[in-house]
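This report refers to the structure that appears directly beneath it.
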Amino acid sequence: MGNLAIEWLGNKVKILDQTKLPQQEVYLELSDHQSIASAITELKIRGAPAIGIVGAYAIALAALKIEAGSKGGFLEKLRGVIETIAATRPTARNLFAGIDRMEEVAQADNTIEQTKAALVGEAIKIHSEEVEADQKLSQMGAELIEDGFTILTHCNAGSLATAGYGTALGVIKRAEEQGKKIKVLATETRPLLQGARLTTWELKKANIPVTLITDSMAGYFMSRGEVSCVIVGADRIAANGDTANKIGTYSLAVLAKENGIPFYVAAPTTTIDLSLASGDEIPIEQRSPDEVTHIQRVGIAPEGVDAANPAFDVTPHRYITAIITERGIIKEPYGGELKEMVL
Ligand code: MRU
């Protein structure tokens with residue numbers, strides 16, 4: 001589906017509203033940082049690399065509108081914008097990697113007008129680098145995929161989540177383009193159904209055979225020898241390789257190990273956070289219990305029942321067979337190689 005998830009239009013950013021998929025393909029044109037912040041929080045745009053990109057565009061768009069008499073005044077107003085974007089979702093490293101880059105550009109010794117232009121340029125660069133990283137990591141990861149594989153994936157780590165080719169789905173698409181016969185098992189991904197709504201939609205468009213299963217069916221298929229490998233994306237990878245990804249990923253990794261199935265994480269290096277020694281330090285987003293007590297706004301539980309909704313979990317590095325990045329494929333021990341890759 002090309003780059004349809006995010007498009008830069010010069011004075012606004014166009015996104016495909018993912019909450020409406022697969023029933024409707026609705027595009028939104030957002031020109032201010034508040035509406036982009038809401039779109040991120042409400043998951044209209046989602047997936048770690050994608051929110052890194054739109055977060056950077058939000059800062060650039062806000063910067064263009066700032067009126068200030070001095071560079072100091074400009075930076076002060078920009079600080080408020082950055083705080084709003086940083087407060088949208090806490091787990092994806094890419095959002096903060098993008099913010100850090102935009103802040104560095106803002107701080108450089110330039111006039112206000114030069115800074116505005118440089119911020120737009122940096123956001124476009126962040127976007128194009130993510131697209132390029134997807135292509136590269138998909139090419140590398142495809143080497144791990146053999147003809148006839150059935151691949152289980154969780155959540156959505158495709159074009160919708162990255163604005164490019166996708167990470168986990170990019171690897172799958174590339175392997176299929178190489179002529180390998182691939183089948184995909186997509187977990188529905190409760191509570192918000194990114195697998196059922198988005199991954200199946202993308203794979204159907206790409207003509208890759210996909211079978212939708214509920215999250216609780218994964219062990220059944222793995223224990224019967226019907227899964228060749230698992231590939232997922234990542235929201236944040238700590239310095240030791242521990243990886244935060246969509247809730248349920250950890251259970252899949254444990255099941256994969258029990259059944260002797262390779263478990264791969266595919267992510268650009270912008271997802272790696274060397275400042276965190278282990279996954280214990282990764283902030284986990286807690287979302288509204290309503291998302292658990294309701295499916296697509298229809299209540300499924302007794303009114304008033306308590307519900308928990310952690311949006312991500314952490315898979316310890318010992319369950320991860322390899323991490324696929326645009327700079328190479330790495331295996332245990334992760335510490336040293338992850339560092340080399342980022343620095
Ligand atoms: O809550 P979401 O839909 O933003 O969660 C997304 C995921 O967990 C993805 O697997 C991850 O961001 C990687 S996307 C390439």
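These values consider heavy atoms only, across backbone and side chains, with no hydrogens, waters or symmetry-generated copies. Note that ligands are numbered from 1 as they come in the structure, with each ligand's atoms numbered from 1 the same way.
Remark: minimum distance from atom 15 (C) of ligand 1 to any protein heavy atom is reached at T167 OG1, 3.2 Å.
The cationic group of K246 lies under 6.0 Å from the six-membered ring centre of F312 and within 45° of the ring axis, placing it in a cation-pi geometry.
When each atom of ligand 1 is checked for a heavy atom of A161 under 4.0 Å away, the hits are 14 (S), 15 (C). Every atom of ligand 1 is numbered from 1 in the order shown, and the set under 4.0 Å from a heavy atom of Q194 is 1 (O), 2 (P), 3 (O).
Legend: residues meeting salt bridge (charged side-chain N to carboxylate O under 4.0 Å, His left out) with R287, ordered by chain and number and at least two apart, are E285, E291.
Within the structure, the closest approach of C155 to ligand 1 falls below 4.0 Å when heavy atoms are considered.
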Stepwise salt bridge (Lys or Arg N to Asp or Glu O under 4.0 Å) test for R174 and E177: CA-CA 5 Å; R174 187 72 199 109; E177 283 165 7; 2.9 Å; yes

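Taking the six-membered ring where tryptophan is involved, the planes of W8 and Y57 are essentially parallel, since the angle between them stays under 30° and well short of 60°.
To the nearest 0.5 Å, atoms CG (L9) and NZ (K14) are separated by 6.5 Å.
For a threshold of 3.5 Å applied to N or O pairs, the pair formed by D235 and ligand 1 contains at least one separation below that value. Note: an N/O pair closer than 3.5 Å links A48 and ligand 1 by distance alone. For P49, no nitrogen or oxygen atom sits less than 3.5 Å from a nitrogen or oxygen atom of ligand 1, counting backbone and side chain alike.
Contacts between R89 and ligand 1, counted as non-hydrogen atom pairs separated by less than 4.0 Å, involve the side chain only. At a heavy-atom distance under 4.0 Å, atoms from both the backbone and the side chain of K246 approach ligand 1. Contact annotation for A157 and ligand 1: heavy atoms of both the backbone and the side chain come within less than 4.0 Å of the ligand. Residue-level proximity to ligand 1 for A234 is carried by the backbone, the only part with a heavy atom below 4.0 angstrom.
Here ring pair (Phe, Tyr, Trp, His ring centres under 6.0 Å) pairs that include residues 209-247, with residues two or more places apart or in two chains, number zero.
One option in N245, T162, I51, D134 has a heavy atom closer to atom 9 (C) of ligand 1 than any other, and that option is N245. Closest to atom 6 (C) of ligand 1 by heavy atom, among E285, R287, R46, is R46.
Among all heavy-atom pairs drawn from H294 and R190, the shortest one is O-NH1, 3.7 Å.
Checked for salt-bridge contact, K173 and E176 miss the test: no charged N lies under 4.0 Å from a carboxylate O.
H127 is listed as a side-chain neighbour of V131, based on a closest heavy-atom distance under 4.5 Å.
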